[in-house]
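Since the structure comes first, as structure tokens, the remarks are kept for the end.
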Amino acid sequence: MPPIDPTPGSTAEIAASYWWTWALCFALLLTPALVMAVFRRSRRAAAGYAITAAVLGGLLAAAFISFDLGGFAPS
């Protein structure tokens, strides 16, 4: 058996379009908070949504990006 490489994943260059699609998805996720922030009565809900969506969306995006770049298991 060949020895296991302790550094899994690819070192290939990642296209900028990959990161732009993630940025676009994150912006679209936060759009409802921007719309709700326009109205005075819903600003508190907008802030709560923005915080929750940013934290959960960021965690999920980080997990999926990790899977995309490194795979689900070491190869």
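Position 1 is the first residue of the sequence; numbering continues from there. Just so it is clear, the structure is predicted and the values come from calculations on it, not from any experiment.
- Taking the side chain as every heavy atom from C-beta outward, Phe64 and Leu59 never approach each other to under 4.5 Å.
- With hydrogens and angles disregarded, a donor-acceptor distance shorter than 3.5 Å links the side chain of Thr21 to the backbone of Tyr18.
- Here Ile65 contributes atom CD1 and Ile14 contributes atom CD1; the two are 9.0 Å apart, rounded to the nearest 0.5 Å.
- When all heavy atoms of Ala33 and Ala50 are compared, the closest pair comes out as CB-CB, 3.8 Å.
- The nearest pair of heavy atoms linking Leu28 to Pro32 is O-CD, 3.6 Å.
- Looking at Ser66, its side chain never comes within 3.5 Å of a backbone N or O of Ala62 through a donor-acceptor pair.
- Between Leu34 and Val38, every side-chain heavy-atom pair lies at or beyond the 4.5 Å cut-off.
- Across all their heavy atoms, Ser42 and Met36 have their closest contact at OG-O, 2.5 Å.
- Phe26 has its side chain within reach of Leu30: a pair of non-hydrogen atoms, C-beta onward, lies under 4.5 Å apart.
- In this structure, the separation between CG on Leu29 and CG on Leu24 is 11.0 Å, given to the nearest 0.5 Å.
- For Arg43, the CZ atom counts as densely surrounded, since its 6.0 Å shell holds more than 12 non-hydrogen atoms of other residues, nucleotides or ligands.
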